[in-house]
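This structure is a prediction, so every number in the text was calculated from the model and none was measured. As the structure lists them, so they are numbered: ligands from 1, and atoms in each ligand from 1. Positions are given from 1 along the sequence.
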Amino acid sequence: MYTQALDIPDPGREASLKAVPPPTDATQVAHQARFDARIDADGKIEPQDWMPEAYRKTLVRQISQHAHSEIIGMQPEGNWISRAPSLKRKAILLAKVQDEGGHGLYLYSAGETLGTSRDQMLDALHTGKAKYSSIFNYPTLTWADVGVIGWLVDGAAIMNQVPICRCSYGPYARAMIRICKEESFHQRQGFESLMAQMTGTPAQRAMVQDAVNRWWWPVLAMFGPPDADSPNSAQGMRWGIKRISNDDLRQKFVDATVPQARILGVTLPDPDLHWNEARQQHDYGAIDWDEFWATVNGNGPCNSERLATRVKAHNDGQWVRDAALAHARKQKQRTLKEAA
Ligand code: BYC
């Protein structure tokens with residue numbers, strides 16, 4: 001359903017941008033030149049390789065935010081597990097939410113290869129310093145929301161994440177390959193669940209339409225600010241971390257989703273959404289960026305609830321971490337005793 005094609009922008013476009021900050025001595029210059037050559041050749045940077053501090057910092061920022069999004073993203077759907085309408089839907093939802101937790105763990109591991117500990121990343125999340133995707137600060141009011149998250153939120157996530165499979169940082173790129181395969185299943189189960197609801201009663205169809213109306217705009221904003229207002233894009237593209245811009249991904253998503261909405265029989269809530277014959281793409285209406293920034297900055301409908309739930313889960317799990325550490329200490333002592 002989603003293309004694996006990667007329309008990488010014209011390499012000449014960012015040719016004048018170089019990694020920041022500029023190197024300070026001859027050794028640094030040589031390291032930087034090797035790094036730039038590897039990036040220019042579309043090669044991979046691995047954890048043991050020299051890399052500019054700004055590249056490392058950008059990756060820690062993006063990978064940890066991505067991991068946090070997966071972990072916080074378990075909540076909106078997780079609270080429907082006990083209310084799923086059948087055993088089949090419950091089993092699917094359990095597997096999906098568990099997958100999201102797994103994605104968070106692969107991504108924390110990828111982040112750790114850059115020299116930042118999991119505790120540091122979690123601390124940044126729990127103290128509100130780190131960002132996570134704006135989309136998970138919206139409530140799931142009905143069962144249809146769960147299907148819409150699969151169809152639209154996972155659909156947008158795939159669109160954004162497939163290009164990251166070719167990210168210049170090896171551990172992140174490799175983690176994304178497995179994650180994208182699982183996201184693909186998530187997207188299809190969401191579509192299939194909505195299809196079942198759309199062939200149900202008028203009330204069920206209305207419930208799906210209502211969920212689409214509430215999620216459509218936040219999903220479009222999920223791709224990030226317009227390119228002109230995206231401070232990290234140019235450097236991210238130069239480093240091969242980001243392959244396709246926020247606006248280009250958003251456009252690809254709109255173009256892929258319109259025919260799917262038609263098949264489902266739902267209306268996308270945008271009177272300005274039209275096929276533009278000249279551009280061979282859809283035009284769409286204005287996104288409310290004030291709402292996006294308010295949500296990103298902690299003032300969305302569920303920000304405090306999401307963070308409080310996450311911090312409580314972490315604190316409630318302290319005894320498990322303590323027990324695991326105590327067990328590891330005992331094992332070590334036993335091994336030392338046996339060796340003595
Ligand atoms: N929400 O310069 P920009 C999933 C921030 S979860 C919040 O364009 P960049 C799933 C941005 O961080 C998958 N903040 O930034 C799980 C930056 O602030 P900082 C989630 C956002 O990095 C459960 C500022 O705005 N996917 O699939 O070049 C159930 C300026 O932006 C958002 C990922 O995490 C946002 N939506 O591009 C179901 C993908 N957008 O950091 C599904 C990985 C922007 O400078 N991340 N900001 O303070 C990325 O691809 C990029 O980081 C972004 C932003 C496209 C998100």
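Salt-bridge formation is detected for the pair E192/R89: a Lys NZ or Arg NE/NH1/NH2 atom is positioned less than 4.0 Å from an Asp or Glu carboxylate oxygen. The pair E53-K57 does not count as a salt bridge, with every side-chain nitrogen at least 4.0 angstrom from each carboxylate oxygen. D154 has a carboxylate O that lies under 4.0 Å from a charged side-chain N of K96, or vice versa, which qualifies the two as a salt bridge. Note on D316 versus K312: salt bridge recorded, some NZ/NE/NH1/NH2 to OD/OE distance being below 4.0 Å. The residues R38 and D42 are annotated as not salt-bridged, no charged nitrogen and carboxylate oxygen being separated by less than 4.0 angstrom.
Close approach of ligand 1 to A157 is summarised as follows: ligand atoms under 4.0 Å from at least one heavy atom of the residue are 27 (O). Listed by atom number, the atoms of ligand 1 under 4.0 Å from G224 heavy atoms are 40 (N), 44 (C). The atoms of ligand 1 that sit less than 4.0 Å from any heavy atom of F223 are 55 (C). The ligand atoms of ligand 1 that sit less than 4.0 angstrom from a heavy atom of P225 are 8 (O), 30 (C), 31 (O), 44 (C). Counting atoms of ligand 1 from 1 in the listed order, those under 4.0 Å from a heavy atom of Y132 are 1 (N), 7 (C). Distances below 4.0 Å separate heavy atoms of Q161 from the following atoms of ligand 1: 13 (C), 26 (N), 27 (O). In summary, the atoms of ligand 1 found under 4.0 Å from a heavy atom of K96, numbered by their order in the structure, are 29 (C), 38 (C). Against a heavy-atom cut-off of under 4.0 Å, Y172 is close to the following atoms of ligand 1: 43 (C).
Any N or O atom pair closer than 3.5 Å counts here, and N232 shares at least one such pair with ligand 1. Note: an N/O pair closer than 3.5 Å links K131 and ligand 1 by distance alone. Looking at M222 next to ligand 1, an N or O pair under 3.5 Å apart turns up. No N or O atom of E77 sits closer than 3.5 Å to an N or O atom of ligand 1. Of the N or O atoms in M74, none lie within a sub-3.5 Å distance of an N or O in ligand 1.
Between the Q28 side chain and the D25 main chain, no donor and acceptor come within less than 3.5 Å of each other. Between the R118 side chain and the Y108 main chain, no donor and acceptor come within less than 3.5 Å of each other. W275 contributes no side-chain N or O that, together with a main-chain N or O of D283, makes up a donor-acceptor pair within less than 3.5 Å.
Using a 30° and 60° split on the angle between ring planes, H314 and H126 fall in the tilted class, from 30° to 60°.
To the nearest 0.5 Å, atoms NZ (K131) and OG (S133) are separated by 12.0 Å. Note that CG of L125 is 14.0 Å distant from CD of Q120, once rounded to the nearest 0.5 Å. F35 CZ to Q32 CD: the interatomic distance, rounded to the nearest 0.5 Å, is 6.5 Å.
Protein heavy atom closest to atom 1 (N) of ligand 1, with residue, atom name and distance, is S134 N, 2.9 Å. At the top of the distance list for atom 43 (C) of ligand 1, counting protein heavy atoms only, stands H66 ND1, 3.5 Å. Of the protein's non-hydrogen atoms, S69 CB, 3.7 Å is the one closest to atom 20 (C) of ligand 1. Scanning all protein heavy atoms for the shortest distance to atom 42 (C) of ligand 1 gives D154 OD1, 3.4 Å. Closest protein heavy atom to atom 21 (C) of ligand 1: F292 CZ, 3.9 Å. Counting only heavy atoms of the protein, atom 10 (C) of ligand 1 lies nearest to F136 CZ, 3.4 Å. The protein non-hydrogen atom at the shortest distance from atom 24 (C) of ligand 1 is W293 CH2, 3.9 Å. The protein non-hydrogen atom at the shortest distance from atom 23 (C) of ligand 1 is E100 CD, 3.4 Å.
Counting only heavy atoms, the protein gets under 4.0 Å from atom 38 (C) of ligand 1.
Within a 6.0 Å radius of CD in Q98, no more than 12 heavy atoms belonging to other residues, nucleotides or ligands are found. Residue R321 qualifies as enclosed at atom CZ: its count of foreign heavy atoms under 6.0 Å is above 12.
At a heavy-atom distance under 4.0 Å, no atom of I135 approaches ligand 1. At a 4.0 Å heavy-atom cut-off, ligand 1 touches V296 through the side chain alone. Of the heavy atoms in T295, none comes closer than 4.0 Å to ligand 1.
Distances from atom 54 (C) of ligand 1 to the heavy atoms of K242, E183, Q65 show the closest one on K242.
S168 and K44 share no side-chain donor-acceptor pair at under 3.5 Å.
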